[in-house]
Amino acid sequence: MTLRITRRKGSQSRATLVLEGRVAAEWAALLERECSDLLRSRLAVSLDLAGVTFVDRVGVEALERLSRAGVEIRCCPGPVASVLEGEGIRVTQDGIDDGWP
C-alpha cells in the first residue's frame with residue numbers, strides 16, 4: 001500500500017495534511033518534501049495520522065525531523081502513536097477526526 005496525502009481545507013495560516021496508508025521508505029521522503037514546502041510558505045503544518053496503519057524506521061526518522069521543525073503530529077491512541085512516542089516524538093493524541101484544524 002502507498003501513502004495518500006490530502007490537504008484538508010481550513011485556515012489560510014495552517015495546513016493540515018491527512019495521511020492514509022503507510023509512512024515508509026520513499027513515501028516518507030515525499031511527506032518531508034510536502035511539509036518543507038508548506039513550512040517555507042510560512043504556514044503552520046499539522047499531520048493527521050489517524051489513517052496511518054504502519055510507520056517503518058525511515059518514516060519514524062522523517063516524522064522526528066518534521067516534529068523538530070515544528071510540524072504538529074496528531075494521531076489516535078494505538079500502535080502508531082505508541083511507536084512514535086516510544087521514539088521520543090511528541091504526538092498529540094485525540095479521538096477520531098472530530099474537527100481537527
Side-chain angles (χ1 to χ4, degrees):
M1 179 177 223
T2 61
L3 177 66
R4 181 177 184 186
I5 303 172
T6 308
R7 185 168 174 185
R8 180 178 297 139
K9 295 187 190 280
S11 167
Q12 291 183 349
S13 63
R14 171 175 292 279
T16 299
L17 300 180
V18 179
L19 309 182
E20 298 172 87
R22 301 166 57 95
V23 181
E26 70 275 5
W27 306 118
L30 171 67
L31 176 61
E32 278 194 277
R33 283 192 304 273
E34 291 292 320
C35 289
S36 293
D37 289 347
L38 293 168
L39 290 168
R40 276 193 295 276
S41 298
R42 307 260 189 242
L43 292 172
V45 179
S46 179
L47 298 178
D48 176 347
L49 274 61
V52 171
T53 58
F54 177 79
V55 181
D56 74 356
R57 168 62 34 206
V58 175
V60 167
E61 291 168 355
L63 290 168
E64 182 178 30
R65 285 189 294 273
L66 290 170
S67 178
R68 282 196 315 261
V71 173
E72 179 184 33
I73 311 291
R74 299 182 74 105
C75 193
C76 294
V80 171
S82 294
V83 167
L84 297 178
E85 288 179 325
E87 293 294 326
I89 298 171
R90 184 174 170 202
V91 175
T92 301
Q93 289 193 29
D94 288 274
I96 296 175
D97 188 12
D98 288 334
W100 288 352

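The model shown is predicted, which means the values in this text are computed figures rather than measured ones. Residues take their numbers from the sequence shown, with the count starting at 1.
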Margin query: Using side chain to side chain contact (heavy atoms under 4.5 Å, CB included), reason through Val91 and Leu49 one step at a time and then give a plain yes or no.
Written below: CA-CA 10 Å; Val91 175; Leu49 274 61; over 6 Å; no
Contacts of type salt bridge (charged side-chain N to carboxylate O under 4.0 Å, His left out), residue [X], not counting sequence neighbours:
X     : answer
Glu64 : Arg68
Glu32 : Arg65
Arg42 : none

Item checked: Qualifying residue for side-chain contact (heavy atoms from CB on, under 4.5 Å) with Thr6, from Arg4, Arg8, Lys9 ->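 Passing option: Arg4.
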Check: If every non-hydrogen atom of Val55 is compared with every non-hydrogen atom of Gly59, which pair is closest and at what distance?
Finding: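 Answer, listing the atom of Val55 first, then Gly59: CG1-C, 3.6 Å.
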Item checked: Smallest separation among heavy atoms of Glu34 and Ile5, with atom names ->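 That closest heavy-atom pairing would be CG-CD1, 4.4 Å.
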With sequence neighbours left out, write down each residue that passes side-chain contact (heavy atoms from CB on, under 4.5 Å) with [X], or none if nothing qualifies.
X     : value
Arg57 : Val60, Glu61, Glu87
Ser11 : Ser13, Arg14
Leu39 : Val45, Ala69, Val71
Asp56 : Ala24, Ala25, Phe54, Val58

[atom1] of [X] to [atom2] of [Y]: how many Å apart, nearest 0.5 Å?
X     : Y     : atom1 : atom2 : value
Arg74 : Leu19 : CZ    : CG    : 13.0 Å
Leu47 : Ile73 : CG    : CD1   : 4.5 Å
Leu43 : Thr16 : CG    : OG1   : 10.0 Å
Ile89 : Leu66 : CD1   : CG    : 9.0 Å
Glu85 : Gln93 : CD    : CD    : 4.5 Å
Leu17 : Cys35 : CG    : SG    : 5.0 Å

